[in-house]
J.: 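Just dropping this structure here.
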Amino acid sequence: MDIICHGTPNTKIFQSYISYIEKKKKVEIQSFNFRDKSKGWGYYYNYTTTNKKQKIKTFSHHYNRSIYYQLFLSSAICRDSCYECPYATIQRISDITIGDCWGIEKEYPELDINKGGDLNFSKGISCVLINSPKGKKFWSEAQGEIISHPININRISKYNHQLSYPSHLHPLRSLYLDSFRKKGYQGMRNLFYKKRWKSLIKEFLLGWISQNMKRKIKLFIK
């Protein structure tokens with residue numbers, strides 16, 4: 001069995017990220033889950049901590065609360081091999097492939113339990129590819145335990161690009177890795193916010209210039 005894989009970040013970056021949270025919140029992280037479904041299917045994560053008094057607390061957030069998560073999804077911190085992965089294709093080497101069935105709400109909305117179907121989209125739907133006779137046999141034996149529907153792989157692969165090609169190399173990846181080597185996760189945070197503020201200022205100025213140009217054109221036409 002294999003998975004539809006987005007990519008794998010360097011473990012040192014993740015460890016630095018965990019250390020950053022622990023130092024900031026003055027806690028010790030006991031577990032970290034990148035696929036928290038307590039708020040529904042999507043990009044949520046949670047982690048459980050203990051403080052000096054051994055009080056246990058769980059935090060749950062959307063991915064946009066985590067710079068690490070955003071950098072991962074944008075393919076900015078994956079390993080070198082991820083950008084040339086020979087397994088990011090519809091031609092799999094395992095008996096069975098599993099992954100998120102992204103795009104099912106667009107391609108097969110009639111399967112949603114709220115629209116007369118028997119699948120609860122809010123809890124997450126898995127995509128399963130049967131790649132060999134052995135995989136087909138296993139899948140047949142498991143039918144009594146699951147709810148499944150045949151789908152067109154070409155319709156789903158549009159939303160799972162790793163079934164067609166590897167993650168694209170992020171244009172700022174080398175800068176992020178260099179900032180990590182110098183100052184750890186904090187260095188990556190600093191660079192992220194620096195680029196974000198530049199982008200926001202640029203968008204604001206372009207929007208302001210555009211609005212002023214529109215006004216001048218209207219005045220000219222009058």
Side-chain angles (χ1 to χ4, degrees), residues 1 3-79 82 98-109 111-115 117-128 145-147 156 159-162 167 170 172-173 176 179-180 183-197 199-200:
M1 180 179 289
I3 61 173
I4 304 172
C5 178
H6 175 78
T8 306
N10 186 297
T11 54
K12 290 183 179 179
I13 298 178
F14 179 66
Q15 290 167 356
S16 182
Y17 171 53
I18 294 297
S19 296
Y20 169 83
I21 297 175
E22 291 180 330
K23 183 178 180 180
K24 181 181 179 181
K25 293 184 176 291
K26 297 180 180 180
V27 297
E28 182 178 338
I29 292 181
Q30 302 299 325
S31 64
F32 199 106
N33 176 18
F34 281 104
R35 290 302 176 91
D36 175 21
K37 293 183 180 179
S38 63
K39 297 181 180 180
W41 187 31
Y43 295 114
Y44 292 92
Y45 68 98
N46 68 36
Y47 55 91
T48 300
T49 67
T50 54
N51 59 19
K52 291 182 179 180
K53 297 181 180 180
Q54 295 304 304
K55 183 178 180 180
I56 300 174
K57 189 173 183 179
T58 298
F59 298 86
S60 180
H61 301 297
H62 189 258
Y63 82 94
N64 59 16
R65 290 282 301 276
S66 168
I67 291 174
Y68 177 89
Y69 208 152
Q70 292 182 66
L71 292 176
F72 165 69
L73 291 177
S74 64
S75 303
I77 54 175
C78 294
R79 297 178 179 179
C82 294
I98 60 174
D100 285 296
C101 199
W102 300 123
I104 189 171
E105 74 283 359
K106 298 177 182 178
E107 298 294 329
Y108 296 94
L111 298 180
D112 188 355
I113 195 170
N114 295 314
K115 296 182 179 180
D118 55 3
L119 299 179
N120 191 337
F121 286 7
S122 66
K123 291 186 176 181
I125 305 299
S126 296
C127 173
V128 181
E145 307 295 326
I146 57 178
I147 300 174
I156 295 300
Y159 308 92
N160 255 314
H161 73 75
Q162 281 81 10
S167 293
H170 193 284
L172 300 178
R173 178 175 180 266
Y176 279 115
S179 65
F180 173 75
K183 296 184 178 181
Y185 177 70
Q186 182 63 59
M188 299 178 73
R189 275 178 54 87
N190 295 341
L191 178 61
F192 179 88
Y193 280 120
K194 181 180 179 180
K195 296 298 181 181
R196 172 63 62 84
W197 277 111
S199 177
L200 290 175

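Note that the coordinates shown come from a computational prediction; the quantities given were computed from them, not determined experimentally. Basis for what follows: all heavy atoms, side chains included, without hydrogens, waters or symmetry-related copies.
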J.: Above 12 or not: heavy atoms from other molecules or residues under 6.0 Å from CD1 of I56?
T.: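 No, the 6.0 Å shell around CD1 holds no more than 12 heavy atoms from other groups.
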
J.: Looking only at non-hydrogen atoms, find the nearest pair between Y176 and A76 and report the distance.
T.: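 In this case the closest contact between Y176 and A76 is CD1-CB, 4.2 Å.
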
J.: Sub-3.5 Å donor-acceptor pair from the side chain of R65 to the main-chain atoms of Y44, do we have one?
T.: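 Judged by distance alone, no pair lies under 3.5 Å.
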
J.: So that I know where these two stand, are H62 and Y43 an aromatic pair - ring centroids less than 6.0 Å apart?
T.: no

J.: Can you list every salt bridge (charged side-chain N to carboxylate O under 4.0 Å, His left out) pair that touches residues 34-45, not counting sequence neighbours?
T.: R35-D100

J.: Without swapping roles, check the side chain of E22 against the backbone of E28 for a donor-acceptor pair under 3.5 Å.
T.: no

J.: Using every non-hydrogen atom in the two residues, find where L172 and K195 come nearest and quote the distance to one decimal.
T.: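 Closest approach of L172 to K195, heavy atoms only: CD1-CG, 4.0 Å.
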
J.: Identify, with sequence neighbours excluded, every residue that meets side chain to side chain donor-acceptor pair (under 3.5 Å) alongside S122.
T.: N120

J.: Does some side-chain heavy atom of S75 sit less than 4.5 Å from a side-chain heavy atom of R173?
T.: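 They are not in side-chain contact.
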
J.: Checking H170 side chain against L71 main chain: does a donor-acceptor pair fall under 3.5 Å?
T.: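 No, because the side chain of H170 does not come within donor-acceptor range (under 3.5 Å) of the backbone of L71.
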
J.: Quick one: are the ring centres of Y45 and Y63 less than 6.0 Å apart?
T.: no

J.: Hey, what do you get for OG (S167) to CG (L73), rounding to the nearest 0.5 Å?
T.: 9.5 Å

J.: Determine, for F59 and K25, whether the Lys NZ or Arg CZ falls below 6.0 Å from the six-membered ring centre while staying within 45 degrees of the axis.
T.: yes

J.: Which distance, rounded to the nearest 0.5 Å, do you find between the CG of L119 and the CG of N114?
T.: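 Here the rounded value is 11.0 Å.
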
J.: What are the two closest non-hydrogen atoms of F121 and E105, and how far apart are they?
T.: CE2-CA, 3.5 Å

J.: Could you give the distance from OH (Y47) to OG1 (T58), rounded to the nearest 0.5 Å?
T.: 10.0 Å

J.: Going from CD1 on I98 to CD1 on I4, what distance comes out if it is rounded to the nearest 0.5 angstrom?
T.: 8.5 Å

J.: Can you find a pair of side-chain heavy atoms, one from W102 and one from W41, that are under 4.5 Å apart?
T.: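 Yes, at least one pair of side-chain atoms sits under 4.5 Å.
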
J.: Counting C-beta onward and ignoring hydrogens, is there a side-chain heavy-atom pair between F14 and I77 closer than 4.5 Å?
T.: no

J.: Are any non-hydrogen side-chain atoms of P9 and Y68 less than 4.5 angstrom apart?
T.: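 Yes, side chains in contact.
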
J.: Per the side chain to side chain donor-acceptor pair (under 3.5 Å) rule, what does the pair list look like for residues 10-20, sequence neighbours excluded?
T.: Y17-S66, Y20-R189

J.: Any chance you could measure I156, atom CD1, to C127, atom SG, to the nearest 0.5 Å?
T.: 6.5 Å

J.: What distance do N46 atom CG and F34 atom CZ have between them, rounded to the nearest 0.5 Å?
T.: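 Interatomic distance, N46 CG to F34 CZ, rounded to 0.5 Å: 10.5 Å.
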
J.: Of Q186, K194, M188, which meets side-chain contact (heavy atoms from CB on, under 4.5 Å) against N190?
T.: Q186

